[in-house]
Amino acid sequence: MDIGFIGLGKLGEPIARRVLTWCQTHGCRLYVFDATKREAMERLKVLGAREGVSAAAIAERCTILFSLLPGPEDVIALGMGENGILRNAEGLDIWFELSPFQNMRWDSLREQAPPDLVLVDAPISGGVSLAQAGNLSMALEGAQPILQRYQDLLSTFVANCKVTELTEAPPSFFRLADG
């Protein structure tokens, strides 16, 4: 299985390192990409990650995608367009958007996504030291089965997760198992 990670800034790089370690122990490959953080990509490549040539290339190749970008418009740009995630998501099963802000346009991406692609708004909170330690918090918007299916992977960088069902049900809170 191939996993993609787009956005290697202050929080993205340490999270990607933790995901890379998980990949290495589970026989998976991690593809990383950031158009402006070339040094972070190089550091991760030295550790064993593979360079994603573009966001579109990662979407074409990977089954799971994580993104962590500076602003809502960056996320929309990543998803849309000829070279966007949605047009190139041939093998992609799920896209976790980790950016720590509320994206009012996330639902518009979800509406335009291919029917077999699950888009999960999963903003994280916590600083760099928590990212390095794998103790971030996450507010995962989706269904309980998503958390159950990906809990092992998510627990590599998330310690606490609040799941808000897409229905009107109240959120459920979970302490993720140590990863």
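Nothing here was measured: the structure is a model prediction, and the numbers come from that model.
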Output, in order, the C-alpha distance, side-chain angles, deciding distance and verdict of salt bridge (charged side-chain N to carboxylate O under 4.0 Å, His left out) for Arg105 and Glu111. CA-CA 10 Å; Arg105 296 180 54 202; Glu111 290 167 4; over 6 Å; no

Do Pro123 and Phe101 come within less than 4.5 Å of each other through their side chains, counting heavy atoms only? no

Whether Phe66 and Phe157 hold their rings parallel, tilted or perpendicular, with breakpoints at 30° and 60°: perpendicular

Mind running salt bridge (charged side-chain N to carboxylate O under 4.0 Å, His left out) on Glu13 and Arg17 for me, showing each step along the way? CA-CA 6 Å; Glu13 184 178 359; Arg17 283 177 185 261; 3.2 Å; yes

Closest non-hydrogen atom pair between Ser125 and Leu136, with its separation: O-CD2, 3.4 Å

Are side-chain heavy atoms of Leu109 and Leu119 found at a separation under 4.5 Å? yes

Would you check if Asp107 and Asp121 make a side-chain contact, meaning some heavy-atom pair closer than 4.5 Å? no

Residues Leu69 and Glu97: closest non-hydrogen pair is N-OE2, 4.2 Å

So does Trp22 get a backbone contact from the side chain of Thr156, meaning a donor-acceptor N/O pair under 3.5 Å? no

Can you tell if the side chain of Cys23 reaches within under 4.5 Å of the side chain of Ile3, non-hydrogen atoms only? yes

So do the side chains of Val75 and Trp106 get within less than 4.5 Å of each other, counting heavy atoms only? yes

Side-chain donor or acceptor of Gln151 paired with backbone N/O of Leu153 under 3.5 Å: no

Nearest non-hydrogen partners of Lys37 and Asp34, listed with the distance: N-OD1, 3.1 Å

Exactly one candidate in Arg29, Arg61, Lys45 meets salt bridge (Lys or Arg N to Asp or Glu O under 4.0 Å) with Glu51; the answer is Lys45

When the ring centroid of Phe5 is compared with that of Phe33, is the distance short of 6.0 Å? no

If you define the side chain from C-beta out and look only at heavy atoms, does anything of Arg50 sit under 4.5 Å from Val32? no

Do any N or O atoms from the side chain of Asp2 and from the backbone of Cys62 form a donor-acceptor pair under 3.5 angstrom? no

Looking only at heavy atoms, which two atoms of Leu130 and Gly126 are closest? And how far apart? CD1-CA, 3.8 Å

For Leu47, does its backbone N or O pair with a side-chain atom of Gln24 as donor and acceptor, under 3.5 Å? yes

Within-4.5 Å side-chain heavy-atom neighbours: Ile64 and Trp95: no

Checking the side chain of Arg18 only, and the main-chain atoms of Gln132 only, is there a donor and an acceptor separated by less than 3.5 Å? yes

Any donor-acceptor N/O pair, Asp74 side chain to Gly71 backbone, under 3.5 Å: yes

I need the minimum non-hydrogen distance between Pro14 and Gly9, along with the two atoms involved. CD-O, 4.1 Å

Quick check: closest heavy atoms across Val128 and Leu11, and the distance to 0.1 Å? N-CD2, 3.7 Å

Do Val53 and Leu78 belong together in a cluster built from hydrophobic side chains that touch within less than 4.5 Å? no

